[in-house]
Amino acid sequence: MSAKIYDISMYITNELPKVVITNDLIVTVNNRKSAVLNVQAMLTEVEKKSNAGELSEEDTSEIAIMEKALKILVGGKSADAINELDLPLPEYKKVYETIMAAATGEDPESLKETP
């Protein structure tokens, strides 16, 4: 009697997703398990230190947290390029949410409307 073999190799591409932000700015999202776990650990640590009063308001601001997460997921150079766009806050949040979705394999509803 032989053991069953489950072949999932056709599902394993090892390719990193890309997010088109502008015609000139396309970022590669590091969706590796280690990068996503680093973001989750950073978010947990910020929350824990914030609750303990160990962080300033500046360190716990939504923007500061998004910037740290973007540096982990797209790298410092791409995160800087995003910041240099000086986007309106709702658009910056959209970039962040899209990159987070790409990193975690989620598909936000609004992305479905994109041609």
Side-chain angles (χ1 to χ4, degrees):
M1 187 167 180
S2 63
K4 281 191 166 189
I5 297 174
Y6 297 91
D7 183 1
I8 62 167
S9 61
M10 67 181 165
Y11 300 108
I12 309 298
T13 65
N14 215 18
E15 293 178 2
L16 299 176
K18 295 186 184 319
V19 174
V20 178
I21 298 170
T22 68
N23 289 337
D24 298 326
L25 182 56
I26 301 170
V27 297
T28 300
V29 180
N30 183 353
N31 67 345
R32 306 273 184 222
K33 179 181 78 169
S34 59
V36 174
L37 289 176
N38 283 338
V39 170
Q40 290 175 341
M42 182 267 303
L43 294 173
T44 301
E45 186 69 18
V46 166
E47 183 178 347
K48 187 169 77 171
K49 286 184 176 182
S50 177
N51 290 339
E54 297 174 10
L55 291 176
S56 69
E57 246 182 70
E58 185 177 307
D59 291 333
T60 59
S61 77
E62 185 178 15
I63 300 299
I65 292 168
M66 287 190 288
E67 287 177 348
K68 289 176 185 176
L70 287 178
K71 284 184 180 179
I72 293 170
L73 296 175
V74 299
K77 188 176 178 179
S78 292
D80 289 343
I82 293 167
N83 284 329
E84 287 173 11
L85 293 173
D86 197 22
L87 296 170
L89 187 57
E91 292 178 17
Y92 185 82
K93 285 182 176 183
K94 182 65 173 172
V95 168
Y96 171 78
E97 291 166 359
T98 304
I99 289 171
M100 288 297 290
T104 58
E106 295 175 16
D107 188 20
E109 289 294 319
S110 58
L111 286 180
K112 293 178 182 176
E113 298 170 7
T114 304

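The model shown is predicted, which means the values in this text are computed figures rather than measured ones. Because only heavy atoms are used, hydrogens play no part in the values below, and waters and symmetry mates are left out as well, while side chains stay in.
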Run the numbers on Met66 and Ile63 for side chain to side chain contact (heavy atoms under 4.5 Å, CB included), then give the verdict.
-> CA-CA 5 Å; Met66 287 190 288; Ile63 300 299; 3.4 Å; yes
Under the side chain to side chain contact (heavy atoms under 4.5 Å, CB included) rule, what do Lys93 and Leu89 come out as? Steps first, then yes or no, please.
-> CA-CA 6 Å; Lys93 285 182 176 183; Leu89 187 57; 4.1 Å; yes
Please step through side chain to side chain contact (heavy atoms under 4.5 Å, CB included) for the pair Ile82 and Ile99, ending with a clear verdict.
-> CA-CA 11 Å; Ile82 293 167; Ile99 289 171; 4.0 Å; yes
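Qualifying side-chain contact (heavy atoms from CB on, under 4.5 Å) partners for Val39, counting only residues two or more places apart in sequence or in other chains: Leu43, Ala69, Ile72, Leu73, Met100. Not counting sequence neighbours, the partners of Glu45 by the salt bridge (Lys or Arg N to Asp or Glu O under 4.0 Å) test are Lys48, Lys49.
Side-chain contact check for Val74 versus Val19: every heavy-atom pair is 4.5 Å or farther apart. Counting heavy atoms from C-beta on, the side chains of Leu37 and Gln40 come closer than 4.5 Å. Counting heavy atoms from C-beta on, the side chains of Tyr92 and Asn83 come closer than 4.5 Å.
Interatomic distance, Ile21 CD1 to Leu87 CG, rounded to the nearest 0.5 Å: 8.0 Å. Expressed to the nearest 0.5 Å, how far CG of Leu70 lies from NZ of Lys68 amounts to 12.5 Å.
The two residues Ala102 and Pro17 come nearest to each other via the heavy atoms O-CG, 3.7 Å.
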Pairs of donor and acceptor atoms involving the side chains of residues 22-33, under 3.5 Å and at least two apart or interchain, shall be tabulated with distances.
{"from": "Thr22", "atom 1": "OG1", "to": "Asp24", "atom 2": "N", "distance (Å)": "3.2"}
{"from": "Thr22", "atom 1": "OG1", "to": "Leu25", "atom 2": "N", "distance (Å)": "2.9"}
{"from": "Thr28", "atom 1": "OG1", "to": "Lys18", "atom 2": "NZ", "distance (Å)": "3.0"}
{"from": "Asn30", "atom 1": "OD1", "to": "Arg32", "atom 2": "N", "distance (Å)": "3.1"}
{"from": "Arg32", "atom 1": "NH1", "to": "Asn14", "atom 2": "OD1", "distance (Å)": "2.6"}

